[in-house]
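Here's the structure we're looking at; comments come further down.
Computed from a predicted model, the values in this text were never measured in an experiment. Numbers for residues simply follow the sequence, beginning at 1.
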Amino acid sequence: MPMFLVERAFADELELNKEAFQEINRINNESDVKWLYSFLSADKKKTYCMYEAPNAECIRVAARRANIPADAIIEVGETLRPEMFI
């Protein structure tokens with residue numbers, strides 16, 4: 001399945017609880033989107049998230065339903081790691 005990097009910018013510091021994450025995951029599941037992991041910026045106002053989804057539109061739909069931003073959605077390809085070149 002294609003993978004995507006999603007950048008999200010928030011007006012305030014992001015503070016989500018377990019229930020909020022569960023709701024987001026429920027919406028993602030209904031939208032055929034799988035959240036893999038996220039990085040949170042030092043100021044807690046941006047996230048960079050990796051997803052699997054059939055296409056970027058599925059991620060946009062899930063984000064709208066969850067009322068969270070999806071400022072940039074970039075399809076990514078092959079994973080590269082430094083140890084691959086040693």
Side-chain angles (χ1 to χ4, degrees):
M1 182 161 310
M3 290 181 52
F4 297 86
L5 175 66
V6 179
E7 179 181 20
R8 305 179 192 282
F10 298 91
D12 298 312
E13 263 188 33
L14 184 62
E15 291 187 33
L16 290 176
N17 56 40
K18 183 178 179 179
E19 291 78 22
F21 278 114
Q22 288 174 336
E23 178 65 7
I24 290 169
N25 278 329
R26 182 189 65 74
I27 291 168
N28 286 344
N29 288 338
E30 292 172 359
S31 303
D32 202 20
V33 172
K34 183 179 179 187
W35 172 41
L36 301 175
Y37 57 88
S38 295
F39 295 97
L40 184 60
S41 65
D43 65 3
K44 296 184 179 179
K45 291 186 177 184
K46 280 193 174 188
T47 61
Y48 302 90
C49 309
M50 290 299 301
Y51 282 88
E52 287 181 340
N55 55 58
E57 186 59 23
C58 290
I59 296 170
R60 284 187 196 90
V61 167
R64 279 193 298 270
R65 288 186 58 210
N67 198 30
I68 56 176
D71 301 306
I73 302 174
I74 302 160
E75 186 171 358
V76 296
E78 194 175 336
T79 300
L80 301 176
R81 296 180 168 270
E83 61 269 14
M84 294 169 60
F85 303 98
I86 298 175

Residue pairs passing the side chain to side chain donor-acceptor pair (under 3.5 Å) test where at least one lies in residues 18-27, sequence neighbours excluded: Glu23-Arg26, Arg26-Glu30

Residues that Lys46 engages under salt bridge (Lys or Arg N to Asp or Glu O under 4.0 Å), provided they are two or more places apart: Glu7

Pairs satisfying ring pair (Phe, Tyr, Trp, His ring centres under 6.0 Å), at least one member in residues 53-86, at least two apart: none

Neighbour count above 12 (heavy atom, 6.0 Å) for Asn67 CG: no

Least distance between heavy atoms, Tyr51 atom then Val33 atom: CD2-CG1, 3.3 Å

Distance, nearest 0.5 Å, that separates CZ of Arg8 from CG of Asp71: 8.5 Å

Approximate separation, where rounding is to 0.5 Å, of Phe10 CZ and Leu40 CG: 8.5 Å

Nearest-0.5 Å distance, CG of residue Asn28 to CZ of residue Phe21: 11.0 Å

Single-linkage hydrophobic cluster Leu36~Tyr48, side-chain heavy atoms < 4.5 angstrom: yes

Gap separating the CG atom of Leu5 from the CE atom of Met50, nearest 0.5 angstrom: 6.0 Å

Glu83 atom CD: more than 12 heavy-atom contacts under 6.0 Å: yes

Heavy-atom closest pair, residues Ala20 and Asn17: N-OD1, 2.8 Å

Spacing of SG belonging to Cys49 relative to CH2 belonging to Trp35, to within rounding of 0.5 Å: 7.0 Å

Over all atoms of both residues, closest heavy-atom pair of Ala9 and Pro69: O-CG, 3.3 Å

Heavy-atom closest pair, residues Ala53 and Phe4: O-CE1, 3.4 Å

Distance in Å, Asn55 CG paired with Ile73 CD1, rounded so as to fall on 0.5 Å steps: 9.5 Å

Met1 side chain reached by Pro54 side chain, heavy atoms, under 4.5 Å: yes

Closest approach of Ser31 to Val61 (non-hydrogen atoms, all atoms of both residues): OG-CG1, 4.4 Å

